[in-house]
Amino acid sequence: MGRLAGKVALISGAARGQGEAEARLFAQEGASVVLGDIRSELGERVAREINAAGGTALFTELDVSRESDWARTVERAERTYGKLDILVNNAAIIGLEGIMDTSIEQWNRVLAVNQTGTFLGMRAAIPAMRRAGGGSIVNISSVLATMGSGNSASYTATKGAVSALTRTVSVELATEGIRVNAVHPGGVETPMAVECLGDDVELRRALVATHPIGRIGEPGEIAMGVLFLASDEASFVTGTSLVIDGGNTVW
């Protein structure tokens, strides 16, 4: 019996990076996994590989900024697997501009995915979890929710909002058997991070230097923390923020 045996999980941004690692790990631990992403080709491949390895997964196209996409995705999860127990709000985009260099278009785009997407995901999943008799929501925030960076105004603002929203909704749902927690990763070796760093060796070295452990994290290391919060092992854990950052916030 896996740690998520009999559970049905929906993970946004699951076609690559942290979301992909979470999807693969959840399936290994016995969950039926619904992978949502705008990257259809990558998402379909991940789902096929999970199924070929003996897991249970399906992919559905999901733009987290669209309420109708969330409604369709949750409905498909319930129709296919009978219920929804777990939601991981993982999908995100990043902006590295300081406040004076952040256009209103960039600001709105980052908020639509990171902040509104998390809000819409919870609103869509909660009724299904009520029907299932409870559940677990894990929102992926960031260490930047609690510390300044000197840039990335839009990204930092959204991750702070995700953390605050997590705490508020956890209180609202506590008596209904629905737990709501956040994960605060430090630097992680994801495709999004690679795209941001590019070939800038000095920028990568500077990022690594902010982590006392001497490196940035791997997606699977974050997924292990998400797995704990999603599982019944965390039955007495709600409203918390699990920091997985290689010591980044210690300095």
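Under the 3.5 Å distance criterion, the side-chain polar atoms of Asn51 are matched with a main-chain donor or acceptor of Ala47.
With contacts defined as side-chain heavy-atom distances shorter than 4.5 Å, the pair Arg123/Glu67 qualifies. For the pair Pro185 and Gln18, the minimum side-chain heavy-atom distance is below 4.5 Å. Using a 4.5 Å heavy-atom threshold, the side chains of Thr73 and Val34 count as touching. Looking at heavy atoms from C-beta onward, Thr146 lies in side-chain contact with His184 at the 4.5 angstrom threshold. Taking 4.5 Å as the limit, some side-chain heavy atom of Arg76 sits within range of a side-chain heavy atom of Leu58. Counting heavy atoms from C-beta on, the side chains of Ile126 and Ile137 come closer than 4.5 Å.
In this structure, Ile99 belongs to a hydrophobic cluster whose other members, linked by side-chain heavy atoms under 4.5 Å apart, are Met100. Counting Ile, Leu, Val, Met, Phe, Trp and Tyr side chains that sit under 4.5 Å apart, directly or through other members, Val143 shares a hydrophobic cluster with Ile94, Leu96, Leu144, Met147, Tyr155, Met192, Val243. Grouped with Leu25 in one hydrophobic cluster are Leu4, Ile11, Phe26, Val33, Leu35, Val46, Ile50, Phe59, Ile86, Val88, Val138, Ile140, Val183, Val188, Ile222, Met224, Val226, Leu227, Phe228, Leu229, Val237, Leu242, Ile244, the linkage being side-chain heavy-atom contacts under 4.5 Å among Ile, Leu, Val, Met, Phe, Trp and Tyr residues.
Counting heavy atoms of neighbouring residues, nucleotides and ligands inside a 6.0 Å radius, atom CD of Gln106 exceeds 12 of them. Other residues, nucleotides and ligands contribute only 12 or fewer heavy atoms inside 6.0 Å of the CZ atom of Arg66.
Note that OG of Ser142 and CG of Asp245 are 9.5 Å apart. Values are rounded to the nearest 0.5 Å. Here the CE-CG distance, from Met122 to Asn89, works out to 6.5 Å after rounding to the nearest 0.5 Å. Ser65 OG to Ile38 CD1: the interatomic distance, rounded to the nearest 0.5 Å, is 8.5 Å. Here CG of Asn139 is found 9.0 Å from OG of Ser12. Values are rounded to the nearest 0.5 Å. How far CG of Leu111 is from CD1 of Ile93: 9.5 Å, rounded to the nearest 0.5 Å. The OG atom of Ser170 sits 7.5 Å away from the CG atom of Asn181 when rounded to the nearest 0.5 Å.
Lys159 and Ala92 make their closest contact through NZ-CB, 3.8 Å (heavy atoms, listed as atom of the first residue, atom of the second, distance). Here the closest heavy-atom approach between residue Val110 and residue Ser154 is recorded as CG2-OG, 3.5 Å. Nearest heavy-atom pair across Asp85 and Ala132 is OD1-CB, 4.2 Å. Looking at every heavy atom in both residues, Ala21 comes nearest to Gly220 through CB-N, 4.0 Å. Across all non-hydrogen atoms, the minimal contact from Gly187 to Ile216 is O-CB, 3.3 Å. Pairing each heavy atom of Ala153 with each of Thr102, the nearest pair is CB-OG1, 4.2 Å.
Contacts classified as side-chain hydrogen bond (donor to acceptor under 3.5 Å, both in side chains) and involving residues 107-119 (residues at least two apart or in different chains) are given here: Asn114-Thr158. Identified under the salt bridge (Lys or Arg N to Asp or Glu O under 4.0 Å) test for residues 20-30, with sequence neighbours left out: Glu20-Arg24, Arg24-Glu49.
A salt bridge links Glu195 to Arg16: one of the charged nitrogens lies within less than 4.0 Å of a carboxylate oxygen. Using a cut-off of 4.0 Å between Lys/Arg side-chain N and Asp/Glu carboxylate O, Glu189 and Arg204 are scored as salt-bridged.
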query = Does the salt bridge (Lys or Arg N to Asp or Glu O under 4.0 Å) test come out yes or no for Arg79 and Glu75, once each step is laid out?
reply = CA-CA 6 Å; Arg79 174 166 39 86; Glu75 188 276 333; 3.0 Å; yes
Residue pair Arg39, Glu61: steps toward the salt bridge (Lys or Arg N to Asp or Glu O under 4.0 Å) verdict = CA-CA 7 Å; Arg39 298 174 178 84; Glu61 189 167 329; over 6 Å; no
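The hydrophobic clustering, which links ILVMFWY residues whose side-chain heavy atoms are closer than 4.5 Å, places Val74 and Phe119 together.
Looking at residues two or more places apart in sequence or on another chain, you find a salt bridge (Lys or Arg N to Asp or Glu O under 4.0 Å) between Glu176 and Arg130.
With hydrogens and angles left out, the side-chain atoms of Ser141 and Ser163 include a donor and acceptor closer than 3.5 Å.
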